[in-house]
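A quick write-up on the structure given underneath.
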There are 2 protein chains.
Amino acid sequence: MNKRTILIIEDNLEIREGTAEILELTGGYNVLTAENGKIGVDLAIKNLPDIILCDIMMPELDGYGVLYMLSKHESTMHIPFIFLTAKSERVDMRKAMEMGADDYLVKPFDDIELLNSIESRLRKRDSLQSTLEKSHTLSLSEDDQNVLLHELVNEARVKIYKKKQLIYEEGDTPIYVYYLLSGKVRSFLYYQDGRELSTYIHTKDEFFGYESILLNERYTESASALEDAEIALIPKENFFELMFNKPAIATKFIKLLSGDIKEKEEQMLGFAYDSVRKRVANTLVQVAQKTISAPDEDEVVIRISRDDLAALAGTANETISRMLADFKDEKLIIKEGNAIRIFSVQKLKNIKQ
Amino acid sequence: MNKRTILIIEDNLEIREGTAEILELTGGYNVLTAENGKIGVDLAIKNLPDIILCDIMMPELDGYGVLYMLSKHESTMHIPFIFLTAKSERVDMRKAMEMGADDYLVKPFDDIELLNSIESRLRKRDSLQSTLEKSHTLSLSEDDQNVLLHELVNEARVKIYKKKQLIYEEGDTPIYVYYLLSGKVRSFLYYQDGRELSTYIHTKDEFFGYESILLNERYTESASALEDAEIALIPKENFFELMFNKPAIATKFIKLLSGDIKEKEEQMLGFAYDSVRKRVANTLVQVAQKTISAPDEDEVVIRISRDDLAALAGTANETISRMLADFKDEKLIIKEGNAIRIFSVQKLKNIKQ
DNA sequence: CGCATCATTGAGCTCTTTCAAACCGGGTGG
DNA sequence: CCACCCGGTTTGAAAGAGCTCAATGATGCG
């Protein structure tokens with residue numbers, strides 16, 4: 001740690017120099033001295049010492065005046081302030097403390113008394129500063145973050161949405177952030193002619209619908225349940241409160257957003273250059289991965305309509321039918337009633353053009 | 001503001017009740033009382049009062065003990081602590097202050113003395129809390145944010161990139177955040193076969209390349225200069241420091257990211273359903289808007305190669321040529337050497353299918 | 001002036017969409 | 001119980017959008 005700086009404001013030369021010497025030699029502090037209140041205030045404002053020792057009776061500006069001046073200043077108001085004075089009357093001490101002094105040492109005092117007093121005030125200030133800061137840094141552990149977010153979710157109202165039910169629509173004003181407890185939800189955009197393009201499938205334990213909240217704008221996309229879903233509705237205010245007071249949570253969302261951007265760019269690349277065949281394959285993979293529990297499952301059964309697949313792949317549902325027929329011929333999938341069994345997600349993923 | 005809560009720890013029933021009454025009636029505080037140190041400590045931890053008044057000589061646990069116990073506890077260590085005691089000896093007072101007491105009132109005391117002492121300590125604590133919090137909230141004004149960001153940019157090294165020069169490439173480990181001072185830069189992805197898809201054109205006064213930094217991952221996209229560009233290279237560490245210490249800055253980037261997501265979704269919709277004609281038109285509009293200074297300019301001259309346009313529109317450069325020829329026939333644009341004059345950005349924007 | 005790069009144009013081909021018709025399974029009402 | 005209807009699905013055929021390949025033109029730089 002840096003050497004602490006102490007400002008001594010004292011008109012008596014002897015005491016001033018004597019005290020300064022003690023503090024420098026015994027305490028190992030940096031010492032600034034001022035011979036009257038006015039100079040003291042100036043020095044304090046300019047140098048922002050870690051602690052201030054001040055006499056009461058002085059020419060120019062007395063100790064109370066110094067304390068008053070410094071307590072007006074944003075930057076000096078929180079510097080521990082100790083009076084060193086010959087005034088041993090109770091009223092004097094009370095006045096000093098009521099004005100906000102942190103300690104009151106009656107002269108003559110021991111070196112030890114002075115050093116202890118200083119140490120005590122510095123310790124107090126340090127610990128306060130550090131705990132206040134702690135609550136405001138990203139030092140929250142992954143677990144703590146999750147606890148906070150879980151609280152948020154647990155306090156929230158839970159609503160059940162039926163398959164196909166709209167959760168929010170383009171143009172709506174956001175009032176909630178959503179957290180998916182079970183089921184699947186898709187976010188989608190409308191094209192001018194009414195066709196839909198699904199941009200994302202949300203699944204268990206994911207937040208969604210936060211972009212517009214964060215921008216403080218209306219929704220530019222819509223969301224609906226892809227299958228029956230349980231969704232926690234987190235009031236915007238609660239979300240913001242946590243977000244702004246816990247940088248760790250903000251950081252978490254920053255990462256979420258950054259990750260989302262990458263995913264969307266990847267998707268964009270697909271829309272630009274992939275053949276429809278490939279896009280359909282990727283869509284199946286995407287749905288499969290949102291369905292499985294373990295990340296290494298390779299055979300998956302998914303239940304999804306051609307229309308939903310079409311909206312995801314950005315193609316016509318007839319095309320989906322054709323592609324599925326092709327994949328079936330190639331023994332990549334098989335249709336089981338209204339479900340599709342994917343034999344190998346990996347193989348589907350590695351389809352070339 | 002809520003009613004403040006005061007905890008009185010005092011074994012003498014009369015004094016305890018008397019003091020409590022004064023504080024409740026005259027001071028308007030909530031008062032909790034404890035008849036010995038042990039109970040006092042428990043109450044303090046459980047109720048977290050705003051201030052604690054404590055006798056020194058008590059059965060079970062004396063005042064020093066109480067102060068010691070509470071100063072061990074994260075949650076109670078910063079509660080202002082005032083001793084109320086008959087011990088008027090200097091050594092007693094020194095001991096109390098050295099242990100971290102905030103004030104020391106010798107019995108018998110006036111009501112006024114007590115109330116003033118309490119008010120003074122509460123005031124002190126409030127102001128410290130509020131200023132410390134201020135530096136950690138999003139209350140930074142738009143201007144202050146910009147000042148901070150400008151400092152960041154001004155401190156950074158500036159590098160000149162020539163047209164076509166690569167700034168970073170997929171797979172590189174990010175070490176800078178980039179801020180464009182002049183010129184244009186494009187971010188792009190490589191498709192498997194080597195074709196490129198530009199995802200964004202960055203222009204004057206924009207940050208770029210921050211997504212990967214924020215994710216703490218390697219770049220998943222590349223960036224190159226679309227024309228000669230002056231770029232400030234902001235070291236990752238400086239960026240993070242600002243980001244984590246100033247929630248306002250984090251908030252700014254959260255908005256940036258959220259906005260980016262919306263833009264990318266919009267783009268995706270275009271790639272999925274727009275005709276190439278429309279995509280080319282949009283691309284021209286995009287480039288034009290990144291070129292103009294005033295947002296209402298309608299006639300714009302842009303200089304950009306067919307290949308760059310193709311990468312932006314996600315199409316073949318031959319197609320770009322054909323589309324430009326069409327637009328020229330339709331008197332929407334005219335070719336001037338290697339530049340393109342757009343007669344009306346609006347008209348181009350409104351092209352149907 | 002010549003080379004290299006960039007831009008344009010043409011022709012054929014493929015992929016995808018669109019429109020239309022048929023199909024399938026299940027629920028409903030007669 | 002059966003015909004019917006409805007939504008979702010499949011299949012067919014034709015049209016067209018956009019790509020590739022290839023040749024030709026234009027431009028600018030050394």
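Letters A, B, ... are given to chains in the order of the sequence lines, protein chains preceding strands, and every chain is numbered from 1.
Atom pair A/R277:CZ and C/dT14:P shows a separation of 16 Å (rounding to whole Å applied). If you measure from atom CG of B/D307 to atom C1' of C/dA7, you get 9 Å, rounded to the nearest angstrom. Rounded to a whole Å, the CG atom of A/N338 is 12 Å from the P atom of C/dG27. In this structure, A/Y273 places its OH atom 15 Å from P of D/dG18, rounding to the nearest Å. Per the geometry, CZ belonging to A/F327 stands 16 Å off C1' belonging to D/dT10, to the nearest Å. Rounded to a whole Å, the CG atom of A/N317 is 9 Å from the C1' atom of D/dG8. Distance, A/R306 CZ to D/dT10 C1': 9 Å, rounded to whole Å. Residue A/I320 contributes atom CD1, which lies 15 Å from atom P of D/dG8 at whole-angstrom precision.
Side-chain contact annotation: B/K163 with B/S224, donor-acceptor N/O pair under 3.5 Å absent. With no hydrogens or angles considered, a side-chain donor-acceptor pair links B/S198 and B/R186 at under 3.5 Å. Residues B/S212 and A/K262 have side chains that bring a donor and an acceptor to within less than 3.5 angstrom of each other. In the model, A/Y210 has no side-chain atom that pairs as donor or acceptor with a side-chain atom of A/K236 under 3.5 Å.
Residue A/D274 is the one, among A/D274 and A/E318, whose nearest nucleotide of DNA chain C lies closer to the 5' end (criterion: closest heavy atom).
If you look at A/Y168 and A/Y178, their ring centroids are closer than 6.0 Å.
When the nucleotides C/dT17, D/dC19, C/dT9 are ranked by their closest atom to the side chain of A/T315, C/dT17 comes out on top. With D/dT11, C/dT9, D/dC19 as the candidates, the nucleotide lying closest to the side chain of A/S321 is D/dT11.
OP1 or OP2 of D/dG8 has at least one side-chain nitrogen or oxygen of A/K164 nearer than 4.0 Å. Contact annotation: B/T319 side-chain N/O to D/dG18 OP1/OP2 distance is not under 4.0 Å. For D/dA26, the OP1/OP2 oxygens have no side-chain nitrogen or oxygen of B/K335 closer than 4.0 Å.
Residue contacts shown for A/K328 are absent, as no nucleic acid heavy atom lies under 4.0 Å away. Across all strands, B/S305 comes closer than 4.0 Å only to sugar-phosphate atoms, never to a base (heavy-atom distances).
With hydrogens and angles ignored, a donor-acceptor pair under 3.5 angstrom links the side chain of B/R322 to the base of D/dT20.
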